[in-house]
Protein chains: 2
Amino acid sequence: MAKGSDPYSVLPVAKAMQVFAYVASQAHDVTLTEVVQALGMPKTTVFRYLQTLSAAGLFAHDIVQDRYGVGEKFRELAQTDAIYHSLRSTAQGELDVLVGGFRETVNLAVLADDEVVYVDIREATRSQRFQARIGHRHPVHSTSLGKAMAAFLPSETVERLVRPEYEQRTYRTLTDARTFRRHVEEARRRGFAMETGENEDGVTCIGVPILDGKGYPIAAVSLSAPDNRMKAMVDRAAEALQDAARRITAALPPISLNV
Amino acid sequence: MAKGSDPYSVLPVAKAMQVFAYVASQAHDVTLTEVVQALGMPKTTVFRYLQTLSAAGLFAHDIVQDRYGVGEKFRELAQTDAIYHSLRSTAQGELDVLVGGFRETVNLAVLADDEVVYVDIREATRSQRFQARIGHRHPVHSTSLGKAMAAFLPSETVERLVRPEYEQRTYRTLTDARTFRRHVEEARRRGFAMETGENEDGVTCIGVPILDGKGYPIAAVSLSAPDNRMKAMVDRAAEALQDAARRITAALPPISLNV
DNA sequence: TCGCTTATTTCGTAAAGCGAAACGCGGCCC
DNA sequence: GGGCCGCGTTTCGCTTTACGAAATAAGCGA
């Protein structure tokens, strides 16, 4: 049987996952004994796993029929993953093209808990000081990524991002709500956001939102380069980023994330 | 914390599911410490869960970056569930209409392991002897459901269902390959399958396949009634079933199941 | 090269997962 | 209508084995 050859395998978890896989792959809701017979595990054990997984919301326990099926929590997770997975895999090629074309660092990020979370990063030159790492979080107000996404959010949602005062990351960082609103407004008008040394000294960023089927900014791509080098290619970069974003949008599944 | 109020909750499983939910809801692949900090669990514990879930295929462990993300097994399960969930929920209303219109038992089934698996059943009159139960399996050759699905399978797949001899369920059950092929061929021509007392004495069934976006028979609906009562309404029933099947197909997501 | 951070391994302890068996309940059949 | 059977739930005692602190190793940036 699925005896964990892995010495770090936690048996209850491994066995519960067998139950999970069985239930999820059936077209109908299952009974306790059905799982027991299918997997050859003791009744008590399966019973406990079914209870635990139901309590976690991954399964739904139909009390009337005493049957277990896949739960809403599972479907939420699956949908979230499907979207992000699709985002990353379709973005992949575009990021490569961008980094190849400009030889500057390219970032892919999403908005989570009102922060910018880096999802993929391509550094053109590793000699350069770290900008960010995958999974790291930066503020919305100091990044072109954040402002680009904010620019295409419904206005009620933007208001949620407005603070009386913002953290000053560099001497150029905007710190008041008024300026933030102006930057966001400008990004919306131009179709891309810009940030010049507001997040990190000497580094300029151009960010463009990636919209999902409903026009909601699910993510953003940005190009970041030293101030001087960026100056010469702002227009070209903005256009390339917008093209990339459009293509990524087109390849995304038509479903949306519940905000 | 998420202390299992449920006395039957298995803690390792419950905690592993927290890890699961966290990883699946992130847009980026995560590191061990990231999970530890987010969930406030001991490092060793999380490490073991990540290992276990990766071994189960639900997570993918990127050895190079030492990051964990959602694995292919999870996506397979999610897709299977999405299809079946959609099938059942869109079929729901149609089944109700059918049972209301004919006052006879209506079945929804899928094909699994070359058998007919009942997924939903609406009995018009409970006095009647049980026909089948959800999750029960009947042979392909003796049911209208099975023959309806077989009729729209690619011919190579139909061959997999052909046996030199079939189990004789009633004295009317077809038992040879030749007759099976003939029935399937006829069902394909007519667009619905029929079975008269071949699965259960005195009961006649009409089955119609439900095709997915690619024209593959993902399931089937059937109406079953005592021979005499069915005789009077064959044409009307076949048409109603076909209409229902068409509507269910239309509401299905455009993705397919890998056969 | 050093020093930090992060992943892996070890190990002793006690918690808690396990599963046989008993119980209770409902439905089916006689 | 009564009894039987199948199924889900509960109990209980026994270790098994999950646990987590701490030590170790491996990376990686400075």
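When reading the values below, keep in mind they use all heavy atoms of this one structure, side chains included, and skip hydrogens, waters and symmetry mates. We name chains A, B, ... by the order of the sequence lines, and we start the count at 1 in each one. In this text, all values refer to a predicted model and were calculated from it rather than measured experimentally.
- Rounded to whole Å, atom P of dG27(D) lies 16 Å from atom CG of Leu32(B).
- Between Tyr8(B) and dT9(D) there is no side-chain N or O to OP1 or OP2 distance below 4.0 Å.
- Contact annotation: Thr33(A) reaches the phosphate of dG8(D) (side-chain N/O to OP1 or OP2, under 4.0 Å).
- The base of dA21(D) lies close enough to the side chain of Thr44(B) for a donor and an acceptor atom to sit less than 3.5 Å apart.
- For CZ of Arg103(B), the number of neighbouring non-hydrogen atoms (other residues, nucleotides, ligands) closer than 6.0 Å is 12 at most.
- Per the geometry, CD belonging to Glu34(B) stands 17 Å off P belonging to dT5(C), to the nearest Å.
- Taking 4.0 angstrom as the limit, Arg48(A) places none of its side-chain polar atoms (N or O) nearer than this to OP1 or OP2 of dT11(D).
- Between Thr45(B) and dC19(D) there is no side-chain polar atom (N or O) within less than 4.0 angstrom of OP1 or OP2.
- Here dG29(D) presents its P atom at 11 Å from NE2 of His136(A), a figure rounded to the nearest Å.
- Taking the centre of each ring, Phe59(B) and Phe74(B) stay at or above the 6.0 Å mark.
- The nearest whole Å value for the distance from the CZ atom in Phe47(A) to the C1' atom in dC12(D) is 16 Å.
- Atom CG in Asp62(B) sits roughly 15 Å away from atom C1' in dG27(D) (whole-Å rounding).
- Applying the 3.5 Å distance criterion, the base of dG20(D) shares no donor-acceptor pair with the side chain of Lys43(B).
- Rounded to an integer number of Å, the gap from Asp66(B) CG to dA26(D) C1' is 10 Å.
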